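Following: one structure in C-alpha coordinates, then a few remarks.
Chain letters run A, B, ... following the sequence lines, proteins first, then strands; residues in each count from 1. Just so you know, these numbers come straight off a predicted model, no measurement behind them.
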2 protein chains.
Amino acid sequence: MTNPSDSNASREQFGIWLGMLARQWRAEVDRRLSPFILTEARWIILFRLSTADHDLTQKELARVAGVQGPTLVRTLDWLEEKGLIERREVPDDRRAKTVHLTERAEPALRQIQAVIQGVRAQIFADVSDEELEQCLAVFKKIGRQFDAFAGSAEDRDMVIVGQGKK
Amino acid sequence: MTNPSDSNASREQFGIWLGMLARQWRAEVDRRLSPFILTEARWIILFRLSTADHDLTQKELARVAGVQGPTLVRTLDWLEEKGLIERREVPDDRRAKTVHLTERAEPALRQIQAVIQGVRAQIFADVSDEELEQCLAVFKKIGRQFDAFAGSAEDRDMVIVGQGKK
DNA sequence: CAGACTTAAATAGATAGCTATCTATCGTCA
DNA sequence: TGACGATAGATAGCTATCTATTTAAGTCTG
(Lines give C-alpha, C1' and ligand atoms only; values in the text may rest on other atoms or scores of the structure.)
Protein backbone atom coordinates (compact mmCIF):
# COMPACT_ATOMS: atom_id res chain seq x y z
CA MET A 1 0.00 0.00 0.00
CA THR A 2 2.91 2.35 0.63
CA ASN A 3 4.78 3.92 -2.22
CA PRO A 4 7.88 1.71 -2.03
CA SER A 5 5.76 -1.42 -2.14
CA ASP A 6 3.97 -0.03 -5.17
CA SER A 7 7.25 0.36 -6.97
CA ASN A 8 8.16 -3.17 -6.00
CA ALA A 9 4.90 -4.26 -7.50
CA SER A 10 5.80 -2.51 -10.73
CA ARG A 11 9.10 -4.30 -10.81
CA GLU A 12 7.48 -7.61 -10.04
CA GLN A 13 4.95 -7.16 -12.80
CA PHE A 14 7.22 -5.82 -15.49
CA GLY A 15 8.66 -9.06 -16.77
CA ILE A 16 5.32 -10.78 -16.75
CA TRP A 17 3.69 -7.94 -18.64
CA LEU A 18 6.50 -7.97 -21.14
CA GLY A 19 5.86 -11.61 -21.92
CA MET A 20 2.10 -11.26 -22.04
CA LEU A 21 2.16 -8.28 -24.35
CA ALA A 22 4.70 -9.86 -26.65
CA ARG A 23 2.53 -12.95 -26.99
CA GLN A 24 -0.63 -10.94 -27.59
CA TRP A 25 1.17 -8.78 -30.10
CA ARG A 26 2.40 -11.78 -32.00
CA ALA A 27 -1.02 -13.42 -31.90
CA GLU A 28 -2.75 -10.36 -33.31
CA VAL A 29 -0.18 -9.87 -36.07
CA ASP A 30 -0.27 -13.57 -36.94
CA ARG A 31 -4.05 -13.48 -37.10
CA ARG A 32 -4.00 -10.58 -39.54
CA LEU A 33 -1.17 -11.99 -41.59
CA SER A 34 -2.80 -15.39 -41.96
CA PRO A 35 -4.29 -14.54 -45.37
CA PHE A 36 -0.71 -13.91 -46.55
CA ILE A 37 0.63 -17.27 -45.33
CA LEU A 38 3.18 -15.23 -43.39
CA THR A 39 3.70 -15.03 -39.64
CA GLU A 40 5.29 -12.29 -37.59
CA ALA A 41 8.59 -14.11 -37.26
CA ARG A 42 8.83 -14.51 -41.02
CA TRP A 43 7.72 -10.97 -41.72
CA ILE A 44 10.36 -9.53 -39.39
CA ILE A 45 13.07 -11.18 -41.46
CA LEU A 46 11.69 -9.73 -44.70
CA PHE A 47 11.35 -6.34 -43.02
CA ARG A 48 14.92 -6.36 -41.79
CA LEU A 49 16.18 -7.32 -45.22
CA SER A 50 14.17 -4.55 -46.86
CA THR A 51 15.57 -1.89 -44.53
CA ALA A 52 19.18 -3.05 -44.43
CA ASP A 53 21.76 -0.67 -45.88
CA HIS A 54 24.04 -3.42 -47.18
CA ASP A 55 23.98 -7.12 -47.98
CA LEU A 56 23.58 -9.10 -44.79
CA THR A 57 25.06 -12.46 -43.99
CA GLN A 58 22.93 -14.86 -42.00
CA LYS A 59 24.91 -14.00 -38.93
CA GLU A 60 24.32 -10.28 -39.36
CA LEU A 61 20.66 -10.85 -40.13
CA ALA A 62 20.21 -12.97 -37.04
CA ARG A 63 21.74 -10.21 -34.97
CA VAL A 64 19.54 -7.40 -36.30
CA ALA A 65 16.45 -9.60 -36.10
CA GLY A 66 17.32 -10.50 -32.52
CA VAL A 67 17.20 -14.28 -32.93
CA GLN A 68 19.77 -17.02 -32.69
CA GLY A 69 21.37 -18.64 -35.72
CA PRO A 70 19.40 -21.88 -35.71
CA THR A 71 16.11 -20.03 -35.41
CA LEU A 72 17.01 -17.96 -38.44
CA VAL A 73 18.06 -21.01 -40.44
CA ARG A 74 14.60 -22.55 -40.16
CA THR A 75 12.84 -19.31 -41.03
CA LEU A 76 15.09 -18.82 -44.04
CA ASP A 77 14.52 -22.39 -45.18
CA TRP A 78 10.80 -21.66 -45.25
CA LEU A 79 11.11 -18.27 -46.93
CA GLU A 80 13.48 -19.70 -49.52
CA GLU A 81 11.14 -22.59 -50.26
CA LYS A 82 8.33 -20.08 -50.86
CA GLY A 83 10.61 -18.09 -53.17
CA LEU A 84 10.62 -14.95 -51.05
CA ILE A 85 14.35 -14.85 -50.34
CA GLU A 86 17.48 -16.42 -51.71
CA ARG A 87 20.83 -17.29 -50.18
CA ARG A 88 23.94 -16.40 -52.14
CA GLU A 89 27.41 -17.65 -51.47
CA VAL A 90 30.00 -15.05 -50.53
CA PRO A 91 33.03 -15.22 -52.83
CA ASP A 92 35.58 -14.22 -50.18
CA ASP A 93 34.36 -16.63 -47.52
CA ARG A 94 32.91 -19.92 -48.57
CA ARG A 95 31.45 -20.50 -45.11
CA ALA A 96 29.21 -17.44 -45.31
CA LYS A 97 26.02 -16.72 -47.25
CA THR A 98 24.24 -13.43 -47.81
CA VAL A 99 20.46 -13.25 -47.87
CA HIS A 100 18.44 -11.33 -50.47
CA LEU A 101 14.79 -10.52 -51.11
CA THR A 102 13.46 -11.82 -54.40
CA GLU A 103 11.28 -9.77 -56.72
CA ARG A 104 8.27 -11.76 -55.61
CA ALA A 105 8.76 -10.51 -52.06
CA GLU A 106 8.50 -6.80 -52.87
CA PRO A 107 4.74 -6.48 -53.49
CA ALA A 108 3.94 -8.85 -50.62
CA LEU A 109 6.02 -6.67 -48.32
CA ARG A 110 4.09 -3.55 -49.25
CA GLN A 111 0.73 -5.18 -48.59
CA ILE A 112 1.94 -6.51 -45.30
CA GLN A 113 3.27 -3.17 -44.19
CA ALA A 114 -0.27 -1.84 -44.48
CA VAL A 115 -1.64 -4.69 -42.36
CA ILE A 116 0.93 -4.16 -39.63
CA GLN A 117 0.22 -0.45 -39.75
CA GLY A 118 -3.39 -1.33 -39.02
CA VAL A 119 -2.44 -3.32 -35.93
CA ARG A 120 -0.31 -0.48 -34.67
CA ALA A 121 -3.03 2.11 -35.21
CA GLN A 122 -5.42 0.16 -33.00
CA ILE A 123 -2.93 -0.93 -30.39
CA PHE A 124 -1.46 2.53 -29.89
CA ALA A 125 -4.87 4.23 -29.94
CA ASP A 126 -4.53 5.54 -26.38
CA VAL A 127 -0.77 6.05 -26.37
CA SER A 128 0.86 9.35 -27.27
CA ASP A 129 4.06 9.63 -29.29
CA GLU A 130 5.78 10.93 -26.21
CA GLU A 131 4.75 7.99 -24.06
CA LEU A 132 5.89 5.63 -26.76
CA GLU A 133 9.27 7.31 -26.98
CA GLN A 134 9.74 7.11 -23.22
CA CYS A 135 8.81 3.48 -23.24
CA LEU A 136 11.20 2.74 -26.04
CA ALA A 137 13.96 4.59 -24.20
CA VAL A 138 13.41 2.28 -21.23
CA PHE A 139 13.48 -0.71 -23.58
CA LYS A 140 16.84 0.37 -24.88
CA LYS A 141 18.29 0.77 -21.41
CA ILE A 142 17.08 -2.68 -20.49
CA GLY A 143 18.36 -4.05 -23.77
CA ARG A 144 21.81 -2.75 -22.96
CA GLN A 145 21.77 -4.62 -19.67
CA PHE A 146 20.92 -7.85 -21.45
CA ASP A 147 23.74 -7.26 -23.90
CA ALA A 148 26.04 -6.74 -20.94
CA PHE A 149 24.92 -10.13 -19.60
CA ALA A 150 25.63 -11.76 -22.91
CA GLY A 151 29.08 -10.22 -22.93
CA SER A 152 29.89 -11.28 -19.39
CA ALA A 153 28.33 -14.73 -19.74
CA GLU A 154 31.48 -15.96 -21.45
CA ASP A 155 33.58 -14.60 -18.63
CA ARG A 156 31.36 -16.27 -16.08
CA ASP A 157 31.64 -19.55 -17.93
CA MET A 158 35.38 -19.21 -18.09
CA VAL A 159 35.56 -18.74 -14.36
CA ILE A 160 33.46 -21.82 -13.79
CA VAL A 161 35.50 -23.83 -16.25
CA GLY A 162 38.62 -22.54 -14.56
CA GLN A 163 37.37 -23.73 -11.20
CA GLY A 164 36.07 -26.97 -12.57
CA LYS A 165 39.26 -27.96 -14.31
CA LYS A 166 41.55 -30.26 -12.37
CA MET B 1 14.77 12.37 -40.60
CA THR B 2 11.91 14.67 -39.66
CA ASN B 3 10.17 14.34 -36.34
CA PRO B 4 7.05 12.61 -37.63
CA SER B 5 9.13 9.96 -39.32
CA ASP B 6 11.00 9.45 -36.06
CA SER B 7 7.77 8.75 -34.31
CA ASN B 8 6.82 6.35 -37.07
CA ALA B 9 10.13 4.65 -36.51
CA SER B 10 9.27 4.27 -32.82
CA ARG B 11 5.98 2.71 -33.71
CA GLU B 12 7.61 0.42 -36.23
CA GLN B 13 10.19 -0.71 -33.73
CA PHE B 14 7.97 -1.14 -30.72
CA GLY B 15 6.56 -4.56 -31.50
CA ILE B 16 9.92 -5.93 -32.48
CA TRP B 17 11.53 -4.60 -29.31
CA LEU B 18 8.76 -6.08 -27.26
CA GLY B 19 9.43 -9.51 -28.68
CA MET B 20 13.18 -9.27 -28.35
CA LEU B 21 13.10 -8.10 -24.76
CA ALA B 22 10.55 -10.70 -23.75
CA ARG B 23 12.79 -13.44 -25.18
CA GLN B 24 15.92 -12.07 -23.54
CA TRP B 25 14.08 -11.73 -20.26
CA ARG B 26 12.88 -15.28 -20.40
CA ALA B 27 16.31 -16.55 -21.37
CA GLU B 28 17.99 -14.81 -18.45
CA VAL B 29 15.38 -15.98 -15.95
CA ASP B 30 15.54 -19.52 -17.32
CA ARG B 31 19.31 -19.50 -17.05
CA ARG B 32 19.17 -18.50 -13.40
CA LEU B 33 16.34 -20.84 -12.57
CA SER B 34 18.02 -23.83 -14.14
CA PRO B 35 19.39 -25.08 -10.81
CA PHE B 36 15.80 -25.24 -9.58
CA ILE B 37 14.51 -27.32 -12.52
CA LEU B 38 11.96 -24.55 -13.03
CA THR B 39 11.52 -22.27 -16.01
CA GLU B 40 9.93 -18.85 -16.17
CA ALA B 41 6.67 -20.19 -17.58
CA ARG B 42 6.37 -22.65 -14.73
CA TRP B 43 7.39 -20.14 -12.11
CA ILE B 44 4.79 -17.63 -13.28
CA ILE B 45 2.06 -20.16 -12.59
CA LEU B 46 3.34 -20.79 -9.07
CA PHE B 47 3.66 -17.06 -8.52
CA ARG B 48 0.12 -16.37 -9.65
CA LEU B 49 -1.19 -19.10 -7.39
CA SER B 50 0.72 -17.75 -4.43
CA THR B 51 -0.66 -14.23 -4.87
CA ALA B 52 -4.27 -15.15 -5.71
CA ASP B 53 -6.91 -14.02 -3.26
CA HIS B 54 -9.17 -17.01 -3.80
CA ASP B 55 -9.06 -20.52 -5.22
CA LEU B 56 -8.55 -20.35 -8.98
CA THR B 57 -9.97 -22.70 -11.57
CA GLN B 58 -7.75 -23.54 -14.51
CA LYS B 59 -9.67 -21.12 -16.61
CA GLU B 60 -9.17 -18.27 -14.15
CA LEU B 61 -5.51 -19.15 -13.71
CA ALA B 62 -4.96 -19.16 -17.46
CA ARG B 63 -6.50 -15.72 -17.64
CA VAL B 64 -4.38 -14.12 -14.90
CA ALA B 65 -1.24 -15.82 -16.23
CA GLY B 66 -2.03 -14.54 -19.71
CA VAL B 67 -1.85 -17.90 -21.49
CA GLN B 68 -4.39 -20.05 -23.28
CA GLY B 69 -5.98 -23.11 -21.74
CA PRO B 70 -3.95 -25.77 -23.53
CA THR B 71 -0.69 -24.04 -22.63
CA LEU B 72 -1.68 -24.07 -19.00
CA VAL B 73 -2.74 -27.72 -19.11
CA ARG B 74 0.74 -28.82 -20.12
CA THR B 75 2.44 -26.63 -17.56
CA LEU B 76 0.12 -27.92 -14.84
CA ASP B 77 0.74 -31.52 -15.90
CA TRP B 78 4.43 -30.96 -15.34
CA LEU B 79 4.03 -29.10 -12.05
CA GLU B 80 1.64 -31.74 -10.77
CA GLU B 81 4.01 -34.54 -11.73
CA LYS B 82 6.74 -32.80 -9.73
CA GLY B 83 4.41 -32.46 -6.79
CA LEU B 84 4.39 -28.67 -6.73
CA ILE B 85 0.67 -28.21 -7.36
CA GLU B 86 -2.46 -30.29 -7.22
CA ARG B 87 -5.76 -30.16 -9.07
CA ARG B 88 -8.95 -30.53 -7.04
CA GLU B 89 -12.38 -31.17 -8.41
CA VAL B 90 -14.98 -28.51 -7.77
CA PRO B 91 -18.06 -29.96 -6.06
CA ASP B 92 -20.55 -27.62 -7.76
CA ASP B 93 -19.25 -28.09 -11.27
CA ARG B 94 -17.76 -31.40 -12.22
CA ARG B 95 -16.22 -29.93 -15.36
CA ALA B 96 -14.02 -27.55 -13.41
CA LYS B 97 -10.89 -28.04 -11.31
CA THR B 98 -9.19 -25.62 -8.95
CA VAL B 99 -5.42 -25.51 -8.68
CA HIS B 100 -3.48 -25.40 -5.40
CA LEU B 101 0.12 -25.08 -4.32
CA THR B 102 1.41 -28.02 -2.29
CA GLU B 103 3.49 -27.63 0.83
CA ARG B 104 6.56 -28.63 -1.13
CA ALA B 105 6.13 -25.59 -3.35
CA GLU B 106 6.32 -22.98 -0.59
CA PRO B 107 10.05 -23.05 0.22
CA ALA B 108 10.94 -23.36 -3.46
CA LEU B 109 8.89 -20.29 -4.19
CA ARG B 110 10.74 -18.22 -1.60
CA GLN B 111 14.14 -19.20 -2.98
CA ILE B 112 13.04 -18.44 -6.48
CA GLN B 113 11.68 -15.05 -5.55
CA ALA B 114 15.20 -14.12 -4.49
CA VAL B 115 16.65 -15.27 -7.80
CA ILE B 116 14.14 -13.30 -9.82
CA GLN B 117 14.80 -10.29 -7.62
CA GLY B 118 18.43 -10.60 -8.64
CA VAL B 119 17.56 -10.51 -12.32
CA ARG B 120 15.42 -7.44 -11.79
CA ALA B 121 18.11 -5.61 -9.84
CA GLN B 122 20.54 -5.94 -12.73
CA ILE B 123 18.10 -5.38 -15.54
CA PHE B 124 16.60 -2.26 -14.01
CA ALA B 125 19.97 -0.85 -12.99
CA ASP B 126 19.65 2.24 -15.21
CA VAL B 127 15.89 2.63 -14.94
CA SER B 128 14.22 4.85 -12.35
CA ASP B 129 11.03 3.91 -10.55
CA GLU B 130 9.29 6.71 -12.37
CA GLU B 131 10.34 5.48 -15.80
CA LEU B 132 9.22 2.01 -14.90
CA GLU B 133 5.82 3.25 -13.79
CA GLN B 134 5.35 5.17 -17.01
CA CYS B 135 6.32 2.17 -19.03
CA LEU B 136 3.94 -0.04 -17.15
CA ALA B 137 1.16 2.51 -17.64
CA VAL B 138 1.73 2.27 -21.39
CA PHE B 139 1.70 -1.52 -21.13
CA LYS B 140 -1.67 -1.39 -19.46
CA LYS B 141 -3.12 0.88 -22.11
CA ILE B 142 -1.90 -1.47 -24.79
CA GLY B 143 -3.14 -4.46 -22.85
CA ARG B 144 -6.62 -2.95 -22.77
CA GLN B 145 -6.58 -2.66 -26.55
CA PHE B 146 -5.70 -6.31 -26.89
CA ASP B 147 -8.50 -7.22 -24.52
CA ALA B 148 -10.83 -5.15 -26.66
CA PHE B 149 -9.69 -7.18 -29.68
CA ALA B 150 -10.37 -10.39 -27.86
CA GLY B 151 -13.82 -9.15 -26.90
CA SER B 152 -14.66 -8.00 -30.39
CA ALA B 153 -13.16 -11.06 -32.05
CA GLU B 154 -16.27 -13.04 -31.19
CA ASP B 155 -18.41 -10.28 -32.67
CA ARG B 156 -16.27 -10.21 -35.76
CA ASP B 157 -16.60 -13.96 -36.10
CA MET B 158 -20.33 -13.74 -35.62
CA VAL B 159 -20.59 -11.19 -38.37
CA ILE B 160 -18.57 -13.38 -40.66
CA VAL B 161 -20.58 -16.44 -39.71
CA GLY B 162 -23.71 -14.41 -40.19
CA GLN B 163 -22.64 -13.46 -43.69
CA GLY B 164 -21.47 -16.95 -44.47
CA LYS B 165 -24.63 -18.66 -43.36
CA LYS B 166 -27.12 -19.35 -46.10
C1' DC C 1 -37.69 -33.34 -20.14
C1' DA C 2 -35.12 -33.93 -24.48
C1' DG C 3 -32.42 -31.94 -27.59
C1' DA C 4 -29.40 -28.06 -28.64
C1' DC C 5 -26.12 -24.66 -27.31
C1' DT C 6 -22.31 -23.52 -24.02
C1' DT C 7 -18.42 -24.22 -21.16
C1' DA C 8 -14.05 -26.50 -18.76
C1' DA C 9 -10.45 -29.16 -19.47
C1' DA C 10 -7.71 -32.22 -22.37
C1' DT C 11 -5.59 -33.66 -26.73
C1' DA C 12 -3.37 -33.09 -31.32
C1' DG C 13 -0.56 -30.84 -34.31
C1' DA C 14 1.84 -26.58 -35.91
C1' DT C 15 5.26 -22.65 -35.24
C1' DA C 16 9.10 -20.36 -33.04
C1' DG C 17 12.41 -20.04 -29.96
C1' DC C 18 16.55 -21.97 -27.45
C1' DT C 19 21.09 -24.81 -26.46
C1' DA C 20 24.25 -28.25 -27.86
C1' DT C 21 26.50 -30.25 -31.44
C1' DC C 22 28.23 -31.17 -36.17
C1' DT C 23 30.59 -29.94 -40.63
C1' DA C 24 33.14 -27.15 -43.45
C1' DT C 25 36.08 -23.41 -43.92
C1' DC C 26 39.17 -19.79 -42.37
C1' DG C 27 43.24 -17.90 -39.91
C1' DT C 28 47.24 -18.09 -37.30
C1' DC C 29 51.56 -19.42 -35.60
C1' DA C 30 55.21 -22.82 -34.31
C1' DT D 1 53.04 -25.52 -44.07
C1' DG D 2 50.33 -28.15 -41.22
C1' DA D 3 47.81 -28.48 -37.07
C1' DC D 4 44.73 -26.28 -33.99
C1' DG D 5 41.39 -22.95 -32.47
C1' DA D 6 37.66 -19.84 -34.22
C1' DT D 7 33.70 -18.93 -37.15
C1' DA D 8 29.36 -19.63 -40.38
C1' DG D 9 25.83 -22.24 -41.16
C1' DA D 10 23.05 -26.56 -40.48
C1' DT D 11 20.96 -30.23 -37.67
C1' DA D 12 18.77 -32.38 -33.59
C1' DG D 13 16.02 -32.22 -29.83
C1' DC D 14 13.70 -29.64 -26.07
C1' DT D 15 10.22 -26.05 -24.26
C1' DA D 16 6.48 -22.87 -24.75
C1' DT D 17 3.09 -21.15 -27.24
C1' DC D 18 -0.89 -21.12 -30.32
C1' DT D 19 -5.38 -22.85 -32.87
C1' DA D 20 -8.57 -26.49 -33.74
C1' DT D 21 -10.83 -30.26 -32.03
C1' DT D 22 -12.63 -33.67 -28.63
C1' DT D 23 -14.98 -35.10 -24.38
C1' DA D 24 -17.74 -34.48 -20.64
C1' DA D 25 -20.73 -31.72 -17.96
C1' DG D 26 -23.81 -27.88 -17.34
C1' DT D 27 -27.75 -24.74 -19.02
C1' DC D 28 -31.55 -23.39 -21.44
C1' DT D 29 -35.72 -23.71 -24.08
C1' DG D 30 -39.71 -25.40 -26.75
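Two residues, T39(A) and D92(A), neighbour DNA chain C, and the one matched to the more 5' nucleotide by heavy-atom proximity is T39(A). The residue among A27(A) and P91(B) whose nearest nucleotide of DNA chain D lies closer to the 5′ end is A27(A).
Taking 4.0 angstrom as the limit, T71(A) places a side-chain polar atom (N or O) nearer than this to OP1 or OP2 of dC18(C). Between R87(A) and dA8(D) there is no side-chain N or O to OP1 or OP2 distance below 4.0 Å. OP1 or OP2 of dG17(C) has not a single side-chain nitrogen or oxygen of Q24(B) nearer than 4.0 Å. At dA16(C), none of the side-chain N or O atoms of R23(B) fall inside 4.0 Å of OP1 or OP2 (strictly under the cut-off). Look at R26(B) and you'll find a side-chain N or O under 4.0 angstrom from OP1 or OP2 of dT17(D). In this structure, R94(B) reaches the dG26(D) phosphate: one of its side-chain N or O atoms is under 4.0 Å from OP1 or OP2. Of the side-chain N and O atoms in T57(B), none sit less than 4.0 angstrom from OP1 or OP2 of dA8(C). Side-chain nitrogen and oxygen atoms of K59(A) include at least one within less than 4.0 Å of the OP1 or OP2 phosphate oxygen of dA8(D). Contact annotation: Q68(B) does not reach the phosphate of dA16(D) (side-chain N/O to OP1 or OP2, under 4.0 Å).
In this structure, the nucleotide among dA24(D), dT15(C), dA16(D) sitting nearest to the side chain of R95(B) is dA24(D). Out of dC18(C), dG9(D), dA12(C), the shortest distance to the side chain of P70(B) is found at dA12(C). Minimum atom distance to the side chain of D93(A) is reached by dC26(C), of the listed dA10(D), dC26(C), dA10(C). Looking at the side chain of Q58(B), the nearest of the listed nucleotides dG9(D), dA16(C), dA10(C) is dA10(C).
Nucleic acid contact for R74(A): base, since at least one base atom lies under 4.0 Å from a heavy atom of the residue. A96(A) comes within contact range of the sugar-phosphate backbone alone, with a heavy-atom separation under 4.0 Å but no base atom that close.
Rounded to whole Å, atom C1' of dT7(C) lies 13 Å from atom CD of E60(B). Summarising the geometry, the separation between CG on L72(A) and C1' on dT19(C) is reported as 16 Å, rounded to the nearest angstrom. Going from atom CD of E89(B) over to atom P of dA9(C) covers 11 Å, rounded to whole Å. The CG-P distance, from D77(B) to dA8(C), rounds to 19 Å in whole Å. Nucleotide dG17(C) holds its P atom 12 Å from the CE atom of M20(B), rounded to whole Å. One can place CZ of F146(A) at 17 Å from P of dG17(C), the figure rounded to the nearest angstrom. Note: CD (E40(A)) to P (dT17(D)) measures 16 Å, nearest angstrom. The separation between E28(B) atom CD and dG17(C) atom C1' is 16 Å, rounded to whole Å.
Of all heavy-atom pairs spanning Q58(B) and V73(B), the tightest one is NE2-CG2, 3.8 Å.
Within the 3.5 Å criterion, the main-chain N or O of V119(B) finds no donor-acceptor partner in the side chain of Q122(B).
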Legend entry - Test side chain to side chain contact (heavy atoms under 4.5 Å, CB included) applied to L38(B) and D30(B), step by step: CA-CA 8 Å; L38(B) 280 175; D30(B) 282 352; over 6 Å; no
Inset, instruction - Given salt bridge (charged side-chain N to carboxylate O under 4.0 Å, His left out), test E89(B) with R94(B) step by step and report yes or no. - result: CA-CA 7 Å; E89(B) 296 187 355; R94(B) 281 192 295 160; over 6 Å; no
Legend entry - Criterion side chain to side chain contact (heavy atoms under 4.5 Å, CB included) on K82(A) and R42(A), from CA distance to verdict: CA-CA 11 Å; K82(A) 300 294 175 190; R42(A) 292 162 183 169; over 6 Å; no
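Ion pairing between D77(B) and R87(B) holds under the 4.0 Å rule for side-chain N and carboxylate O.
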